[in-house]
Visitor: 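Dropping a structure here in structure tokens format, bear with me for questions.
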Amino acid sequence: MKVSIEFVFPTDINPSSTYYKSDITVTLSLGRKLKISDTYSFFIYNPQWLLFADSLTKTPETDSRKRTVAYTMSVSGAWIPGDYFLLVRSDSGKIFRAEATLTANHTWRVGDLHLFTALSDEGILSNPPHGRHREWRELFTRPGAGQLRRCVVERLRAMQLNALRGEMLESPLRLNYNFILTHKYESDSPSMFFFHRLLGFSQNWKNIDCKKMFDVTSNDPYENLREVTTIDDSNVFDLFKELAEMKVYHLYNLSALNDSHGKIIMGKLLEIMPDANNYMFLDGTRQEVDQLLEQYPSLQKNFPEENRLSIEPFSPEEFFFQLLRAIEHFHITLSEEAIDSIGNTVMEAFRRGTLGNWELKDINHYVRNVVQPAYVRNLTSRITLRITGSTDYRLQPEDVPTEPLMNNYSLYDDAMKQLDSMVGLQSVKQSIGTHSNRMRFYAERKRQGLRTTAQTACHAIFTGNPGTGKTTVARLLGKIYHSLGLLSSGNVITIDRTKVIGRYIGETEENMKLVLEEARGNVLFVDEAYTFYSGDNSNDFGRHVIESLLTVLTQPNPDMLIIFAGYETEMDRLMSMNPGLVGRFPYKYHFDDYSADELMLIAEHLLEQEDYFLSDDARRLLLSNIVTTVKNRTKHFANARWIEHYVHEGIIPALADRIMVQQHATDSAAYQRVEVQDVAKPFERFNPKMIELKPRRQVGFTA
């Protein structure tokens, strides 16, 4: 037999286009007359087993000589020049493979057909499980699911082999169907469901949200668990009867299994694990899975290495596939020019290495919040300005803003620019810049397949007096680490002793559980951290806060950045009194007090941001007041916080009072110009000698 591939262009395609959507017709030359029973299935994959087109049509299209079989297939995404392979499966079970190359000028070069066995990769890839073709397409076009695809092929091969052994009355090979799937941030449960349906577990699949298995706020804490398992027995240890009868139970939100109530749940699950009829699927982030396996070492023997799968970084082809699918999900039809433009942009972005950290949520966010608004805005303009009687409603190249794709580090650059624009803090800026460059360097080595043993836990200690920029820098670090793929969100959650210490036994632990759950993916900023440690005072609940934080500090991939902040002397004392903390904070940044010139620069920036300016005399007086303040400042002087209050609560209100008394002021500059009296009068109230900020009461240490 011989095979050929031809494009079926529904519309004219620009010859200069590189990427495009088009049906294709695969023609199979039989070398004999066609039989009524002749049916064939066709599949086109790329070398990564990404399914581009397939056809299971049972009624072939034939030419007049009835010696050829022709099938027309639609592409799943868009055609990309490069290597593919074509699989042909006959009704008699014969499997053929032909290498195929799509050239840049829209032509196919197809090699000869070669025969393969039913248990070969080709045999499995050309024979999706009966009734599971939709799931097959979903898994074999899903970005990042390469390991799942390879695992499915291996398992289907083993299952077919066991079927053959059964026909020969041989005992089946023992197969382990306990799997772990790890991913960076969000749950990928749909992939797990398609994965298990392909292995034949669709009838006995149960999703279990571990967060809902115990509700401390309910009169019956196990009520939600009872609803999930549809069991009415009130005995907690009988609530797992249905689990014991299930084939597969899929657990996600695994972090909920690490507290005392989770231990009860896991204990019962571990009891039924030896049952050959029950299988467990753990679905979570790397941090969740690592913590769970560390907490329950007996779990590890049930999950061999080959059953530990992960969502991989997207290939350019997968990214292109998913981006087109996301756009079409919003019912937007793409023009041929737009497809080509998107393809060129994606491939160039991958060459630059700017899309390595993108996830499904990033693609969906980009389409929802960038592409769709641009499409609507531009389409509205095209309809308004149309000259002819019709409008092309298809998405055009100008509807696809490319900057977010080409500049993956735009968030990084923006955060670094904000950091650089901060007044002073030269040593802090230099240290953060060096550390960030190292993280980017390691990430690029990983993308290039080089061995990298980079430390990913980046917890830090911030020391310095109030108002020196610690909270602002923490917020920028969250943005920087999020852009580098080290944090899934990058927001800042701030706690101090007053927010988490409970009044009775157990309340502090419950408070910290909620805090750590909220801080997942973010920066946890622990202000005045030294107040949580009181030496040998066993009655102080602050030690429970430190113990809770140690569970995160010891994890290699925590998806959380913990920052301890406070006065330098007290923070040094904390580290010396609790040696277990020292090695958990590899980075220490000291924030120096601002000089008089730096505080003056901050004041001028604050005024300029709101379109105010200082007269020459006002500038001289303001600088003189700042110099006097700095000369007499104490340990608890609020630095930038003081100058901000002086400007916003003193100078600007004084200017407003002066101008509004002059009822005939019509000069717009008068509403902007700060005069001497506007600076002098409020200094009587904002002179630190008069209003020195009282420090918050310190617990655990004395000066």
Side-chain angles (χ1 to χ4, degrees), residues 409-442 455 458-484 486-487 490 492 494 523 525-529 561-572 575 585-609 614 619 622-647 688:
Y409 288 113
S410 58
L411 176 62
Y412 172 85
D413 293 334
D414 179 63
M416 292 302 291
K417 287 178 182 177
Q418 291 183 51
L419 177 64
D420 188 60
S421 68
M422 292 183 68
V423 175
L425 307 178
Q426 295 307 315
S427 63
V428 173
K429 294 175 184 177
Q430 183 177 356
S431 297
I432 291 177
T434 298
H435 171 58
S436 300
N437 284 334
R438 183 166 59 177
M439 293 298 101
R440 295 174 67 185
F441 174 73
Y442 290 150
Q455 176 183 345
C458 304
H459 309 300
I461 293 176
F462 284 7
T463 60
N465 292 330
T468 49
K470 297 187 292 295
T471 304
T472 301
V473 171
R475 185 172 64 253
L476 295 177
L477 266 183
K479 293 182 179 180
I480 291 169
Y481 284 11
H482 174 58
S483 71
L484 297 175
L486 301 177
L487 293 176
V492 175
T494 301
V523 176
F525 188 83
V526 185
D527 200 12
E528 294 185 339
L561 171 63
I562 296 179
I563 296 177
F564 276 11
Y567 294 109
E568 184 172 23
T569 301
E570 285 82 346
M571 294 300 296
D572 289 343
M575 292 297 112
F585 292 90
Y587 300 98
K588 182 177 180 179
Y589 304 100
H590 180 68
F591 292 71
D592 293 319
D593 288 331
Y594 288 112
S595 67
D597 288 338
E598 290 171 339
L599 289 175
M600 182 64 188
L601 190 57
I602 292 173
E604 290 179 324
H605 285 170
L606 291 172
L607 290 167
E608 289 172 0
Q609 287 173 0
L614 292 157
R619 179 176 286 103
L622 179 57
L623 179 58
S624 175
N625 289 345
I626 292 174
V627 169
T628 300
T629 299
V630 169
K631 186 181 299 184
N632 298 317
R633 67 182 166 194
T634 65
K635 176 181 178 181
H636 303 295
F637 173 62
N639 283 280
R641 198 177 305 153
W642 170 79
I643 194 64
E644 183 176 351
H645 286 158
Y646 185 13
V647 169

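Throughout, residue positions are numbered sequentially from 1 according to the sequence presented. Computed from heavy atoms alone, side chains included, the values below leave out hydrogens, waters and symmetry copies.
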Visitor: Would you give the length of the straight line joining atom OH of Tyr587 to atom CD1 of Ile432, rounded to the nearest 0.5 angstrom?
Guide: 11.5 Å
Visitor: Which heavy atom in Cys458 sits nearest to a heavy atom in Met439, and how many Å separate them?
Guide: SG-SD, 4.3 Å
Visitor: I'd like to check Lys429 versus Met416 (side-chain heavy atoms, cut-off strictly below 4.5 Å). Are they in contact?
Guide: no
Visitor: Looking at every heavy atom in both Ala603 and Leu622, which two are closest together, and how far apart are they?
Guide: CB-CD2, 4.1 Å
Visitor: Drop me the distance from Phe564's CZ to Asp527's CG, to the nearest 0.5 angstrom.
Guide: 11.5 Å
Visitor: Knowing that exactly one of Asp592, Thr468, Asp593 qualifies, which makes a side chain to side chain donor-acceptor pair (under 3.5 Å) with Asn639?
Guide: Asp593
Visitor: What distance do Arg475 atom CZ and Thr494 atom OG1 have between them, rounded to the nearest 0.5 Å?
Guide: 10.0 Å
Visitor: Could you check, using the six-membered ring where one of them is a Trp, whether Phe462 and Phe591 have ring centers closer than 6.0 angstrom?
Guide: yes
Visitor: Determine yes or no for a side-chain-to-main-chain donor-acceptor pair under 3.5 angstrom, with Asn437 supplying the side chain and Gly433 the backbone.
Guide: yes
Visitor: How far does CE of Met600 sit from CG of Leu623, to the nearest 0.5 angstrom?
Guide: 5.5 Å
Visitor: Check Ala415 against Ile480 and note the closest heavy-atom contact, atom names and distance.
Guide: CB-CG1, 3.6 Å
Visitor: Can you find a heavy atom in the side chain of Tyr594 that is under 4.5 Å from one in the side chain of Val630?
Guide: no
Visitor: Using every non-hydrogen atom in the two residues, find where Leu599 and Ile643 come nearest and quote the distance to one decimal.
Guide: O-CG1, 3.8 Å
Visitor: Does the ring center of Tyr589 lie less than 6.0 Å from the ring center of His435?
Guide: no
Visitor: Do Val423 and His605 have side chains that get closer than 4.5 Å, going by heavy atoms?
Guide: yes
Visitor: For the pair Glu604 (side chain) and Leu601 (backbone), establish whether a donor and an acceptor sit closer than 3.5 Å, ignoring hydrogens and angles.
Guide: no
Visitor: Under a 3.5 Å distance rule, please check whether Lys588 uses its side chain to pair with a backbone N or O of Thr463 as donor and acceptor.
Guide: no
Visitor: Are the side chains of Asn465 and Phe637 in touch, meaning some heavy atoms are under 4.5 Å apart?
Guide: no
Visitor: With rounding to the nearest 0.5 Å, note down the distance linking CD1 in Ile562 to CD1 in Ile461.
Guide: 11.5 Å
Visitor: Can you tell if the side chain of Pro466 reaches within under 4.5 Å of the side chain of Arg641, non-hydrogen atoms only?
Guide: yes
Visitor: Within the 4.5 Å heavy-atom criterion, are Met422 and Leu476 side-chain neighbours or not?
Guide: yes
Visitor: Give a yes or no answer on whether the side chain of Ser431 reaches the backbone of Val428 with a donor-acceptor pair at less than 3.5 Å.
Guide: no
Visitor: How long is the span from the CZ atom in Arg619 to the OG atom in Ser624, to the nearest 0.5 Å?
Guide: 14.5 Å
Visitor: May I have the step-by-step check of side-chain contact (heavy atoms from CB on, under 4.5 Å) for Ile563 and Leu477, ending in yes or no?
Guide: CA-CA 10 Å; Ile563 296 177; Leu477 266 183; 4.3 Å; yes
Visitor: Testing the basics here: between Ser427 and His590, what is the closest heavy-atom pair and its distance to 0.1 Å?
Guide: OG-O, 4.0 Å
Visitor: With side-chain contact (heavy atoms from CB on, under 4.5 Å) as the criterion, how do Lys479 and Gln418 come out once you've worked through the C-alpha distance, each side chain's angles and the decisive distance to 0.1 Å?
Guide: CA-CA 11 Å; Lys479 293 182 179 180; Gln418 291 183 51; 3.5 Å; yes
Visitor: For the residue pair His482 and Gly490, what are the closest heavy atoms and their distance?
Guide: CB-CA, 4.2 Å
